[in-house]
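Take a look at the structure set out below.
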Amino acid sequence: MSEPTNECLFCRMVAGEIPPDVVRETDRTLAFRDINPQAPTHVLVIPKEHHATLGALVGADPELTAELVAAAHAVAVQEGLVTADVPEPGYRVVANTGPQAGQTVHHVHLHVLGGRGLGWPPG
Ligand code: 5GP
Ligand code: ZN
């Protein structure tokens, strides 16, 4: 948890100070479109509670971690990237952690990417 939150961009979105382009919301999670999309679907899925990294979230609240992953999958279904039965055309979930991975916002978020072929390995 730690760092509240008036200085955290994503906490300010949760608080409604900066209105995100919401695609899905639950009691404890929020999903909104990335401002600088890297694919036709590029949605960020966050816990409403502030946790800086995936590891911090896992340590503090495994149940919320599971909810976050479920929310990412639900966004992919909603965006038409998979169905209940068929994992096609497909999607990718990314959680950048730390400087080498390029984490720039220190409120844990899952990127849900899809709608085009995604190269592997990533850059
Ligand atoms: P990271 O680099 O930390 O994994 O991802 C941060 C993401 O947040 C980036 O993809 C970036 O485009 C996105 N982002 C940064 N500022 C904003 C904003 O004000 N609104 C939205 N919707 N996304 C943002
Ligand atoms: Zn935050």
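Every number for a ligand or one of its atoms is a count from 1 in the order of the listing.
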Checklist entry - Tell me the salt bridge (Lys or Arg N to Asp or Glu O under 4.0 Å) pairs involving residues 80-109, sequence neighbours left out? => result none
Checklist entry - Angle subtended at the Zn ion (ligand 2) by ND1 of His107 and SG of Cys11, to 10 degrees? => result 110°
Item to check | Check: Gln103 side chain, Val105 main-chain N or O, donor-acceptor pair, under 3.5 Å | outcome: yes
Next on the checklist: Taking salt bridge (Lys or Arg N to Asp or Glu O under 4.0 Å) as the definition, give me every residue that meets it alongside Arg28, ordered by chain and number, with sequence neighbours left out.
Outcome noted: Glu49, Asp61, Glu67
Item to check | Sub-4.0 Å heavy-atom environment of ligand 1, residues by chain | outcome: Leu9, Phe10, Met13, Phe32, Arg33, Asp34, Ile35, Asn36, Leu44, Asn96, Gly102, Gln103, Thr104, Val105, His109, His111
Item to check | Nearest-0.5 Å distance, CG of residue Leu110 to CG of residue Leu54 | outcome: 7.0 Å
Next on the checklist: Let me check your reading of the structure: within less than 2.8 Å of the Zn ion (ligand 2), is there an N/O/S atom from His50?
Outcome noted: yes
Checklist entry - Is the ring centre of His111 less than 6.0 Å from the ring centre of His109? => result yes
Checklist entry - Closest heavy-atom contact between Ala71 and Thr29? => result CB-OG1, 3.8 Å
Identify all side-chain donor-acceptor contacts of residues 13-24 below 3.5 Å with residues at least two apart in sequence or on another chain.
residue	atom	partner	partner atom	Å
Glu17	OE1	Arg12	NE	3.0

